[in-house]
2 protein chains.
Amino acid sequence: MAKSIQVLDVCCSPVTAGVLDEDAAEELASAFKALADPARLRLLSMVAAAPEGEACACDLVEPSGRSQPTVSHHLALLVDAGLLTREKRGRWAWYSVVPERLAALQDVLRP
Amino acid sequence: MAKSIQVLDVCCSPVTAGVLDEDAAEELASAFKALADPARLRLLSMVAAAPEGEACACDLVEPSGRSQPTVSHHLALLVDAGLLTREKRGRWAWYSVVPERLAALQDVLRP
DNA sequence: CCAACACATCGACAGATGTCAATGTGTTGT
DNA sequence: ACAACACATTGACATCTGTCGATGTGTTGG
């Protein structure tokens with residue numbers, strides 16, 4: 001069940017820069033897996049579009065069209081993937097995007 | 001089983017530019033799904049790194065460590081995703097990367 | 001203290017996905 | 001023509017994944 005630790009460096013140069021070894025490919029793939037689901041992409045975009053750049057989970061459930069447990073699950077995956085950070089304030093959980101992480105993945109796709 | 005047609009425009013502005021509607025998210029997700037597997041990432045990188053920028057399927061089976069049918073399967077998915085093109089010459093199939101497609105996905109990740 | 005709340009976790013289940021062996025299809029050289 | 005080749009397709013199977021209802025955990029207001 002996932003590693004969740006040490007996901008911060010996307011590790012590699014562009015996919016086009018040379019043949020990836022199995023380990024690098026595995027790590028990169030798990031990064032893209034986080035983006036490979038419509039529910040997660042929408043959640044990501046909603047957090048990014050939120051005022052102050054952060055969104056409370058409570059404001060994501062209804063517009064996402066998924067159940068609360070499902071939303072919680074996806075948000076956890078996005079955090080594990082390093083794309084979001086989570087900050088618990090009172091009884092709310094606030095999420096923000098990690099632009100560096102997006103940039104790192106973007107870099108991998110450089111043609 | 002898959003749509004495979006009309007995959008050419010990644011359709012949308014950066015994920016951070018606004019809330020994605022369900023359709024856009026679905027389309028984007030299927031694009032990233034193609035990148036969400038280590039075998040496919042390696043195949044993609046191998047094609048990109050090949051001389052002349054194209055590679056014969058026959059040269060990808062052994063180094064990929066997967067069976068011939070599996071490689072064929074993954075290459076087909078990458079073509080469907082618009083990341084590779086396939087050109088059949090004689091009894092060989094030659095694959096090349098589609099840099100515009102990579103660039104389009106890259107654009108979606110712009111922070 | 002207790003009820004209401006926000007969120008996470010668990011258990012279950014259907015559907016998707018990666019993989020391979022076996023087989024099919026088209027091409028080439030002899 | 002035929003055998004060997006390169007590749008695609010099929011069928012089968014184990015695993016992964018998204019989803020939800022039910023339940024657990026911590027926090028807040030009265």
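By convention in this document, chain letters (A, B, ...) are assigned in the order of the sequence lines, proteins followed by strands, and residues within each chain are numbered from 1.
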Subject >> Nearest-0.5 Å distance, CG of residue Leu60(B) to OG of residue Ser72(B) >> reply: 11.0 Å
Original post:
How is Arg86(B) classified with respect to the nucleic acid when contacts are heavy atoms under 4.0 Å: base, sugar-phosphate, or nothing?
Top reply: sugar-phosphate
Original post:
Tell me: CH2 of Trp92(A) to P of dC5(C), nearest whole Å?
Top reply: 12 Å
**OP:** State which of dC7(C), dT19(D), dC20(D) makes the closest approach to the side chain of Cys56(A).
**Re:** dC7(C)
Original post:
Picking from dC7(C), dT19(D), dG18(C), which would you name as closest to the side chain of Ala39(A)?
Top reply: dT19(D)
**OP:** Look at the side chain of Arg91(B) and decide which nucleotide, out of dC20(C), dC7(C), dA4(D), has an atom nearest to it.
**Re:** dA4(D)
**OP:** Look at the side chain of Gln68(A) and the base of dA8(C), then say whether one donor and one acceptor between them are separated by less than 3.5 Å.
**Re:** yes
Subject >> Distance, rounded to the nearest Å, where Glu62(A) contributes CD and dC5(C) contributes P >> reply: 17 Å
**OP:** Answer whether the closest heavy-atom distance between the side chains of Glu26(A) and Glu22(A) falls below 4.5 Å.
**Re:** yes
**OP:** Scan His73(A) against the nucleic acid and name what it touches under 4.0 Å (heavy atoms): base, sugar-phosphate only, or nothing.
**Re:** base
**OP:** Mind checking the CG-CG spacing from Leu43(A) to Leu84(A)? Nearest 0.5 Å is all I need.
**Re:** 8.0 Å
Subject >> Minimum side-chain heavy-atom gap Leu35(B)-Leu109(A) below 4.5 Å >> reply: yes
Original post:
Between dC20(C), dA4(C), dC20(D), which nucleotide gets closest to the side-chain atoms of Arg66(B)?
Top reply: dC20(C)
Subject >> Interatomic distance, Leu41(A) CG vs dG18(D) C1' [rounded to whole Å] >> reply: 14 Å
**OP:** Starting at atom CZ of Phe32(A), determine the distance to atom C1' of dT17(C), rounded to an integer number of angstrom.
**Re:** 19 Å
Original post:
Taking for each residue the nucleotide of DNA chain D with the nearest heavy atom, is it Lys33(A) or Tyr95(B) whose nucleotide lies nearer the 5' end?
Top reply: Tyr95(B)
**OP:** Provide, to the nearest angstrom, the distance between the CD atom belonging to Glu22(A) and the C1' atom belonging to dG18(C).
**Re:** 13 Å
**OP:** Round to the nearest Å and state the distance from Leu77(B) atom CG to dA8(D) atom P.
**Re:** 12 Å
Original post:
In terms of hydrophobic clusters joined by side-chain contacts under 4.5 Å, are Leu77(A) and Val98(A) together?
Top reply: no
Original post:
With respect to the side chain of Arg40(A), which nucleotide from dG18(D), dA8(C), dC7(D) is positioned closest?
Top reply: dG18(D)
**OP:** Using atom NE2 of His74(B) as one end and atom C1' of dA8(D) as the other, report the distance to the nearest whole Å.
**Re:** 15 Å
Original post:
Contact class for Ala76(B) (heavy atom, under 4.0 Å): base, sugar-phosphate, or nothing?
Top reply: nothing
Original post:
In whole Å, what is the span from the CZ atom of Arg89(A) to the P atom of dC7(C)?
Top reply: 12 Å
**OP:** Select one nucleotide: of dT19(D), dA8(D), dC7(D), the one nearest the side-chain heavy atoms of Thr70(A).
**Re:** dT19(D)
